[in-house]
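Working notes, structure below.
Since the structure is predicted, the reported quantities are computational estimates derived from the model, not experimental observations. Numbering of ligands and ligand atoms starts at 1, following listing order. The analysis underlying the following values was restricted to heavy atoms, covering all of them including side chains, and did not include hydrogens, waters or symmetry mates.
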Amino acid sequence: MTRMERDVVIVGAGACGLVAANRLKEAGVSVVVLEARDRVGGRLHTDASSGALLELGGQWISPDQTALSETVAQLGLETFARYREGESVYVGPDGAAKRFTGDIFPASATTESEIERMIAVLDGLTAEIDPDAPWEHPRARELDGITWRGFLEQLSDDEEARANVALFTAEAMLTKPSHSFSALQSLLMAASAGSFSNLVDADFILDRRVVGGLQQVPLRLAEALGDDVVLDSPVRRITWGDDGVTVEADGDLTVVARRVVLAVPPNLYDRIDYVPTLPLRRHVMHQHLSLGLVIKIHAVYDEPFWRADGLSGTAFSPYLPVHEAYDNSNHGDPRGILVGFASDTRADALLAMDPETRKAAVLDSLAHYYGERARTPAIYFESDWGSEEWTRGAYAASFDMGGLERFGADLRTPVGPIHWASSDLAGAGYQHVDGAIRMGRWVADRVLSALAPVPA
Ligand code: FDA
C-alpha cells in the first residue's frame with residue numbers, strides 16, 4: 001500500500017487538472033495528480049501508431065481562445081494554419097455536391113437569405129447570454145424548455161435552412177440530435193465562442209493547430225510536475241469531511257489531502273464512491289449531464305489530391321453520414337489527410353455496422369465530397385471516444401432539457417472539500433481545451449482562497 005499526504009489531490013491529468021496542479025504548485029501548495037489512463041491528456045491524444053501523426057481528440061485553436069493560445073506560447077509550441085485555399089463543398093437534400101466560397105451553404109437564393117436571417121437573429125440572442133451564467137437570462141426557463149429543433153421550427157418554415165443552422169451546435173458541437181437538448185444549451189455553446197456567427201465561420205473556429213500535436217500541451221504541463229503525476233491510478237472512493245479528504249485509487253494508493261479537485265468529465269463523477277454520499281441535489285444534477293457521440297475519422301492519402309482540383313477540403317452536409325470534413329494534413333508532411341466527423345444518430349447507425357461496411361459508408365461520404373480518389377486512402381483510422389472507459393463520449397457534457405436553467409448555477413459549487421472543474425463546466429471556451437485551461441486556473445484560485453488562513 002502507498003500512502004501520500006498532500007495539500008491538494010487532483011483527479012484527472014487532462015488539460016484542466018494539469019493547469020490547476022501547476023498553478024497550485026507555483027503558489028507553494030503540495031499536489032498530486034491521479035490519472036486513470038496510462039497517459040496524460042485525456043481528450044487530447046496525438047497518436048502516430050497508424051503510420052501518420054493523427055489528432056484523435058481535440059486539435060483546433062480559434063482566435064478567441066486566448067487562454068489556450070497563451071499556454072501554447074508559454075510552453076514554446078508552434079502553430080500552423082489549417083489549409084483553406086479554394087472552394088468548399090456542400091451536399092444538399094438532392095444529393096448533388098455543390099462548390100461554394102464563404103460561410104453560407106449554397107442552397108436556393110431564398111434558403112440562403114433565410115439562413116442569413118436566422119443567423120442574425122441567433123447572433124442577437126447570443127449577445128444577451130452570459131456564457132458564465134446563461135441561467136440568468138430573463139428568458140432562460142423558456143429557452144431551456146424548448147428543444148433546439150423546436151426553437152428553429154418556430155424561427156423558420158424553411159426545412160433546409162433549419163437543417164443547416166441546427167448543424168452548427170447539434171452535429172458539429174454538442175454531438176447530440178437537435179431534439180435532445182434545449183435552445184438555451186445551444187445559445188450557451190454559441191456565447192462561449194463569442195457569437196453564433198463564429199461557429200458558422202470554419203476559418204475562425206477551426207483556425208490553427210499545434211505543430212506535432214495538441215497533446216504536447218498536457219505532456220509539457222505534466223513534465224513540470226514530475227513524480228507528482230501518477231498514471232494507471234483510477235480513483236474509486238473519496239471519503240470527505242470538515243478535515244479534508246482521503247482519496248483511494250487502484251494499486252492500493254491512498255492520498256490524504258485538504259482538498260480534492262475532480263477534473264474529470266461530469267458523466268464520470270458517479271463512477272466514484274463518496275463517503276458520506278453527496279448531497280441529494282448533486283446526485284440528481286449529475287444524472288442530467290451527458291456527453292454526445294461522435295466518430296472522428298482520418299483518411300491519409302499519398303498527396304492532398306483535392307487541392308489540385310481547387311478544393312479547400314472543407315465539406316458539409318446535414319444529409320450524409322459524415323456531416324463535416326476538412327483538410328487535416330500535417331505541417332511538414334507531404335501526405336494529404338482528410339478528417340471527417342459522424343455524430344449522434346449517424347454515429348449510432350455507423351457503429352451498428354461491421355467495421356468493413358462502416359469504412360465503406362464513411363468513404364462513400366468522402367467520395368461524395370471529394371471524388372472517387374477519396375475511396376482509397378493509404379491509412380484509415382476511426383477514433384470513437386464513446387468506447388473509451390475514461391471519457392465515454394465526445395466532445396464534452398451538456399444538460400438534458402431544462403437541466404441548464406435548473407442546475408447550472410450549482411454546477412461549480414464545491415461540496416465541502418470537493419471541487420469540480422473541466423472544459424464541460426466552462427463559460428468561455430465551453431467544451432474546448434481553452435475552457436479546460438480557464439477552469440483549471442479558476443479552480444486553483446478557488447482552492448487557494450479556501451486554503452488561505454482566515455484573518456484573525
Ligand atoms: P479530459 O477528459 O481531457 O481529462 C480528464 C482526465 O480524467 C482524463 O485523462 C481521464 O482519463 C481522467 N479520469 C477520468 N476519471 C478518472 C478517475 N476516476 N480517476 C482518475 N482519472 C480519471 N477542443 C478544442 O479546443 N478543439 C478541438 O478541435 C476539439 N476537438 C475535439 C475532438 C474530439 C474527438 C474530442 C473527444 C474532443 C475535442 N475537443 C476539442 C474537446 C477537448 O478535447 C476537451 O474539451 C478537453 O480536452 C477536456 O479537457 P479536460 O481536462 O476538461 O478533461
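- In terms of polar-atom proximity, defined here as any N/O pair under 3.5 Å, Trp385 makes no such contact with ligand 1.
- Between Arg282 and Asp270 there is no salt bridge, since no side-chain nitrogen of the basic residue lies less than 4.0 Å from a carboxylate oxygen of the acidic one.
- Ring geometry for Phe341 versus Tyr395: interplanar angle over 60°, hence perpendicular rather than tilted (30 to 60°).
- Of all the atoms in ligand 1, the ones that sit under 4.0 Å from a non-hydrogen atom of Leu268 are 14 (C), 15 (N).
- Side chain to side chain, Asn330 and Arg209 meet the donor-acceptor criterion of an N or O pair below 3.5 Å.
- Checked for salt-bridge contact, Lys176 and Asp400 miss the test: no charged N lies under 4.0 Å from a carboxylate O.
- Checked by distance only, ligand 1 and Val433 come closer than 3.5 Å through their nitrogen or oxygen atoms.
- At under 3.5 Å, a nitrogen or oxygen of Arg43, whether backbone or side chain, sits near a nitrogen or oxygen of ligand 1.
- Ligand 1 has Gln59 within reach: a non-hydrogen atom of the residue lies less than 4.0 Å from it.
- Taking every heavy atom of Ser422 and a limit of under 4.0 angstrom, the matching atoms of ligand 1 come to 52 (O).
- Around atom 21 (N) of ligand 1, the closest heavy atom drawn from Ala13, Ala36, Ala426, Ser233 belongs to Ala36.
- Atom 44 (C) of ligand 1 has as its closest protein heavy atom Ser423 OG, 3.8 Å.
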| request: Check the pair Arg441 / Asp445 against salt bridge (charged side-chain N to carboxylate O under 4.0 Å, His left out), numbers first and verdict last. | output: CA-CA 6 Å; Arg441 294 173 178 177; Asp445 292 345; over 6 Å; no
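- Ion pairing of Asp424 with Arg43 is present here, as a side-chain N (NZ or NE/NH1/NH2) and a carboxylate O approach within less than 4.0 Å.
- Residue contact check: Gln431 has heavy atoms under 4.0 Å from atoms 41 (C), 45 (O) of ligand 1.
- The existence of a salt bridge linking Asp344 and Arg346 is confirmed by a sub-4.0 Å separation between a basic side-chain nitrogen and an acidic carboxylate oxygen.
- In summary, Asp364 and Arg375 engage in a salt bridge, as defined by a charged side-chain N under 4.0 Å from a carboxylate O.
- Within ligand 1, the atoms closer than 4.0 Å to a non-hydrogen atom of Arg37 are 8 (C), 9 (O), 10 (C), 11 (O), numbered from 1 in the order shown.
- Considering backbone and side-chain atoms alike, Glu35 places an N or O below 3.5 Å from some N or O of ligand 1.
- Considering both main-chain and side-chain atoms, Ala394 never comes within under 3.5 Å of ligand 1 through any nitrogen or oxygen pair.
- If you number the atoms of ligand 1 from 1 as listed, the ones under 4.0 Å from a heavy atom of Leu56 come out as 34 (C).
- If you number the atoms of ligand 1 from 1 as listed, the ones under 4.0 Å from a heavy atom of Gly41 come out as 3 (O).
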